[in-house]
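One structure below.
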Amino acid sequence: MFTHPAVKHPLAAHVLGWVALTLISFAQPPGRVAADTKFNLTQDSAGFLAAATRAWTDQFTLGQIQNQAYGYLFPQGPFFLLPLPDWVVQRMWWALLVCIAYSGTLKLARHMGIPGVVPAVLYALSPRILTTLTAISSEAWPVALVPWTLIPLVNRRPQVAPALVAVAMMGAVNAAATIAACLPAFVLLAWRRRWPQAALYGLGCLAVSAWWLGPLLVLGRYSPPFTEFIESAYVTTHWLNPAEILRGTTSWAPFVDTERTAGFLLVSEPVFILATMAVAAVGLAGLARADMPWRGYLVLLLSCGFLLLGAAHFLPSLFDGPLAPFRNLHKFDPLVRLPLVLGVGWALTRLRAPALVAVSLAAAVAVAPAWSLRLLPTGTWTEVSPDWIAAGKWLDEHAAGTRTIVVPPASFARQTWGWTRDEPIQAVTSAPFAVRDAVPLIDPEAIRGLDGQMQALDEEALRSIGVGAVVVRRDLDSGAEADWPGEPTVSFGDVDIHLLEPYRGMMITADEPVRVDGGGEVLTLLWQRYGYFPARLVDSGAQIVTDTPALAARNYGTLDSPVSAHLAHPGEGSDVRNRLPDYPSAGSRVGVTMSGGEAWASSSAADATAFGGADPSRSLTSAFDGLDSTAWWPAPGDAGWIASTVDGGRVSLTATDSTVVRVVSGDTARDVSLVADQPRSVSVPGDTVRIDLTEPVGISELDTGVTRVVEVPGTADTYFFQRIFPSTDVLQRRFTTAAPAEWQLSSPATIDGEEADGTVFLDAGTHEILTDADTVTLTRSGVTTAGWAPFDGEVRTSDRDQLILTGRGFNDGLRARVGDVPLEPERIDAGMQAFRVPPGTSGPLTMTFAGDAPYRWSLLLGAVLSLLTVAGCLWVRWRRVSRYEPDSRATPTSPLVAALGVGLAPGALAVALAWAARRWTLIPSWLLSSSAAGFMGLWLARAPWPTPGYAGSSMLVLVAGCLAVAALAFPDK
């Protein structure tokens with residue numbers, strides 16, 4: 001029987017573990033700084049923490065509520081105030097994190113009567129921690145503290161006070177991760193039927209967390225619905241199959257990006273798949289033994305985690321709806337990981353020398369990304385670019401009173417000198433700025449407006465968001481560039497700054513804003529052409545009708561061609577799995593009208609999720625628009641087919657290149673040769689036809705009687721059409737005029753099949769316009785505009801209503817008053833904040849944020865309550881934790897419930913197999929469970945992600961995973 005020396009010498013085990021883990025942390029390439037969690041933590045930690053004491057900041061994009069910035073106030077933020085080099089502080093934090101996870105697991109295992117060194121190492125360097133440690137350690141920190149919440153609860157008489165101290169140390173950078181880390185302790189108390197202590201623990205968790213719960217409620221009240229525009233539940237749960245759950249690779253991030261080096265190695269390399277699954281198999285073998293201490297609780301905990309993670313596939317509507325804050329289910333990994341590593345510890349006590357060597361080797365390989373020095377993510381740096389430091393200092397001195405916009409946009413700031421993720425400007429200057437990154441925390445309409453700003457890059461348009469300076473950067477790793485006319489005011493290597501003169505900040509108008517039926521993105525194109533004027537977006541009664549917002553789908557994860565072509569109905573954009581396929585807008589959705597039948601395709605290069613970005617010019621509509629210059633193409637990597645209904649028994653096909661296609665109709669299928677750009681007439685016997693491609697080509701026309709065209713709803717005296725949102729090669733629109741009239745055409749175009757330029761007469765009714773101009777305007781009496789004037793902060797008496805345009809994004813919490821007169825808030829332009837001043841009002845304007853007082857008071861009073869609770873927990877006498885072994889011989893049914901919950905039919909089959917094997921054969925439970933896990937490892941290693949035919953999605957893996965868990969319900973005697 002194996003007995004680890006650490007059982008006899010626990011202090012030595014702690015010391016040696018801390019030394020080894022600290023050496024591993026500092027051995028990661030010295031001098032390199034990673035963008036761990038927040039760029040500000042290393043570059044300007046004091047300024048960041050000071051700003052976190054307020055709910056609202058005018059510095060960030062158009063002004064915004066801060067997203068969980070309060071969570072850094074304790075304990076992570078203060079740690080980074082240490083006056084040491086950035087990379088040293090980071091290594092110290094990472095070392096502290098893994099060492100706390102190690103010691104907590106070691107101590108917990110010892111009190112459970114389990115040899116703990118190997119479990120402690122496996123937990124401290126588990127896939128969950130390896131994946132997040134250097135990339136987003138704020139998520140790993142609560143994981144490290146989970147064992148410490150359990151240690152005082154395994155006593156003969158559970159002690160809640162020490163557990164609450166551990167909860168208090170978790171912080172709240174990520175509230176969902178903290179909540180998930182509290183769950184194992186609650187399950188333990190419920191399993192022990194210690195209901196008073198369970199209730200006390202729940203209330204205590206609320207009390208020690210009071211300092212961040214209030215600010216969290218303020219965030220929920222005033223924040224825009226950003227969870228709609230980040231990763232969907234489909235993405236976060238797509239890889240949660242039994243194999244990945246049991247081996248610990250539950251985080252979705254390494255599956256979609258290679259930035260997290262250690263995480264990507266664990267999900268993609270067969271050697272790591274085999275090693276991590278071998279560890280899981282040994283852990284299952286230990287849990288399958290009836291003599292394992294605390295087996296009942298550990299099996300219940302694992303079953304809860306397996307069920308929660310594995311059944312999420314069936315609940316996307318919940319995790320994209322009310323449970324959206326918890327859709328990143330990998331935060332619940334400790335429910336599975338802790339029982340498995342403790343199972344490994346118990347299994348080691350039953351192994352002989354050869355098996356011990358094998359398990360040790362597997363464990364060493366499973367944590368190899370750590371000791372092979374591959375923990376750092378891609379894009380580390382040795383120093384922040386001096387160009388950005390100098391630019392930030394210059395902005396503080398010369399542009400503190402204006403907002404600076406940074407171009408070109410980037411989803412995440414990945415520079416040639418380092419991938420900071422957060423924009424460098426936010427940590428090098430205190431001047432207000434605006435950026436279009438992956439998830440701006442502003443009104444969705446304002447995000448659309450930023451898209452327009454980035455497209456137009458026009459001084460007139462920038463007035464609407466109060467921009468007086470433009471930073472043009474040339475250091476993006478993608479090579480993306482942006483041009484601004486004229487010489488820069490000042491240049492710092494890769495960073496140019498253009499100061500706009502004269503600067504227009506806040507504005508005031510007595511004219512009513514122009515009513516525009518459109519999305520926020522189109523306003524910048526109007527302003528670029530006609531100069532800035534206040535506008536209000538509407539969906540009816542518009543003075544200007546535009547062809548935005550498009551009925552389209554958006555890939556929120558990128559800014560590189562993220563928007564699909566116009567769709568006929570939302571179902572055509574089903575490749576985007578978010579509940580909202582695009583940012584909402586006040587304007588009328590403009591989609592495709594389909595007549596003469598139906599059309600559909602396997603995919604389209606115009607899909608939002610097409611590899612390399614959407615190309616709206618290659619949409620399904622392009623094959624049914626009557627234009628030879630446009631064509632439908634399948635998405636890259638798709639063999640592709642296109643189909644439609646048929647009217648008349650014959651179809652005409654035109655391809656962009658010579659090729660052979662298969663024409664399928666009714667019960668017949670035949671190959672047809674096509675010559676590039678030459679129509680080919682084909683007879684079809686059925687009422688539908690499908691064209692299967694044999695090679696990647698475009699179908700420029702499929703004449704089946706079906707037509708598709710983008711139709712713009714509504715009538716007005718001015719029509720403004722554009723081909724930029726989404727970007728297409730030609731502009732083809734159908735629109736309706738209310739009365740016969742002469743119209744002024746801003747650019748040459750073809751209207752109803754006839755060339756037109758200048759003045760054109762149009763009858764009342766439906767018309768079609770075709771042009772290759774970027775924008776075209778049709779107007780009966782000139783474009784209506786509205787006047788405005790700069791606002792200096794002092795309201796003068798007027799006999800008319802006035803609107804003050806603040807240059808800030810709209811937020812329900814922004815308040816304004818002139819003297820004692822509160823002003824009515826209004827939306828203006830593209831989701832921007834305005835206030836209406838009643839006649840006869842005068843005086844200075846005062847603006848406040850309604851959520852700031854509740855935020856600061858709840859932060860202060862909550863902190864007092866939390867400190868008092870922690871003080872009470874420390875004052876209560878802590879009993880020495882004594883070894884307590886509950887009866888573990890009971891057979892839990894939770895594994896059977898978990899197997900059935902993860903997949904009803906596969907789970908039922910697994911349960912039946914487990915019961916039959918234990919009832920009618922001599923196969924021990926440990927062998928059955930570990931063999932099922934071993935099979936999953938072998939099967940997954942043959943086709944890991946991102947190999948085509950990813951094996952983790954197979955039914956065999958699902959059945960084997962359910963079998964591995966179900967077998968735990970029939971323990972070995």
Side-chain angles (χ1 to χ4, degrees), residues 122 126-128 130-131 234-258 260-285 306 309-310 313 330 333 336-337 340 344 355 358-369 372 374 611 637-639 899 902-903 905-907 909-910 913-914 917 923 926-967:
L122 289 174
S126 63
R128 168 79 176 136
L130 292 180
T131 299
Y234 172 82
V235 172
T236 62
T237 64
H238 184 66
W239 295 275
L240 289 182
N241 56 72
E244 307 292 7
I245 292 171
L246 290 175
R247 71 190 194 92
T249 48
T250 51
S251 175
W252 58 271
F255 289 94
V256 301
D257 197 304
T258 61
R260 300 184 185 184
T261 304
F264 185 71
L265 288 172
L266 291 171
V267 304
S268 61
E269 290 294 329
V271 63
F272 292 116
I273 292 172
L274 292 173
T276 51
M277 191 55 78
V279 169
V282 176
L284 289 166
F306 187 77
L309 294 168
H313 292 288
H330 52 83
D333 176 74
V336 175
R337 199 62 35 227
L340 284 177
V344 171
V359 172
S360 299
L361 287 175
V365 174
V367 301
S372 62
R374 289 182 284 182
F611 182 77
D638 179 23
V902 169
L909 176 60
L913 288 174
I923 301 175
W926 71 265
L927 181 59
L928 184 63
S929 184
S930 59
S931 295
F935 167 79
M936 285 192 292
L938 292 171
W939 193 257
L940 184 59
R942 55 175 282 278
W945 185 264
T947 304
Y950 168 60
S953 301
S954 70
M955 183 59 67
L956 284 174
V957 166
L958 181 56
V959 173
C962 291
L963 176 60
V965 173

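Side chains are part of it too, since the values below use all heavy atoms of this structure and drop only hydrogens, waters and symmetry mates.
Scored by the side chain to side chain contact (heavy atoms under 4.5 Å, CB included) test, Phe935 finds Trp939, Leu956, Ala960 as partners (sequence neighbours excluded). The side chain to side chain contact (heavy atoms under 4.5 Å, CB included) test applied to Ala933 returns Met277, Ala281, Leu284, Met936, not counting sequence neighbours.
In this structure the side chain of Pro369 reaches within 4.5 angstrom of the side chain of Leu266, judged on heavy atoms. Using a 4.5 Å cut-off on side-chain heavy atoms (C-beta onward), Thr249 and Pro254 make no contact. Residues His238 and Trp252 fail the side-chain proximity criterion, which asks for heavy atoms closer than 4.5 Å.
Nearest heavy atom pair, residue Val367 against residue Leu130, reads CA-CD1, 4.3 Å. Between Ala951 and Arg942, the closest heavy-atom pair is CB-NH1, 3.9 Å. Taking all atoms of both residues into account, the shortest heavy-atom contact from Ser268 to Pro944 is O-CG, 3.4 Å. Contact detail for Cys962 and Pro906: the closest heavy-atom pair is CB-O, 4.5 Å. Closest heavy-atom contact between Ala362 and Ala275: O-CB, 3.6 Å.
Each of Asp333, Val336, Thr131 was compared with Thr250 under the side-chain contact (heavy atoms from CB on, under 4.5 Å) criterion, and only Asp333 meets it.
Taking CG of Leu309 as the start and CG of Asn241 as the end, the distance is 11.0 Å to the nearest 0.5 Å. The distance from atom OG of Ser251 to atom CG of Leu240, rounded to the nearest 0.5 Å, is 9.5 Å.
Counting only N and O atoms by type, the side chains of Arg128 and Ser126 include no donor and acceptor under 3.5 Å apart.
Arg247 places no side-chain N or O within donor-acceptor distance of the main-chain N or O of Gly937, the cut-off being under 3.5 Å. Between the side chain of Thr276 and the main chain of Ile273, a donor-acceptor pair closer than 3.5 Å is present. The main-chain N or O of Trp926 is never found under 3.5 Å from a side-chain atom of Ser929 such that the two would form a donor-acceptor pair. Panel note: side chain Ser931, backbone Leu928; no donor-acceptor pair is recorded below 3.5 Å.
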Discussion item. Would Leu940 and Glu244 count as a side-chain contact (heavy atoms from CB on, under 4.5 Å) here? Give the steps.
Written reply: CA-CA 9 Å; Leu940 184 59; Glu244 307 292 7; 3.7 Å; yes
Discussion item. Test side-chain contact (heavy atoms from CB on, under 4.5 Å) on Leu246 and Phe306; report intermediate values, then the result.
Written reply: CA-CA 8 Å; Leu246 290 175; Phe306 187 77; 4.2 Å; yes
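Taking the six-membered ring where tryptophan is involved, the planes of Trp239 and Phe255 are essentially parallel, since the angle between them stays under 30° and well short of 60°.
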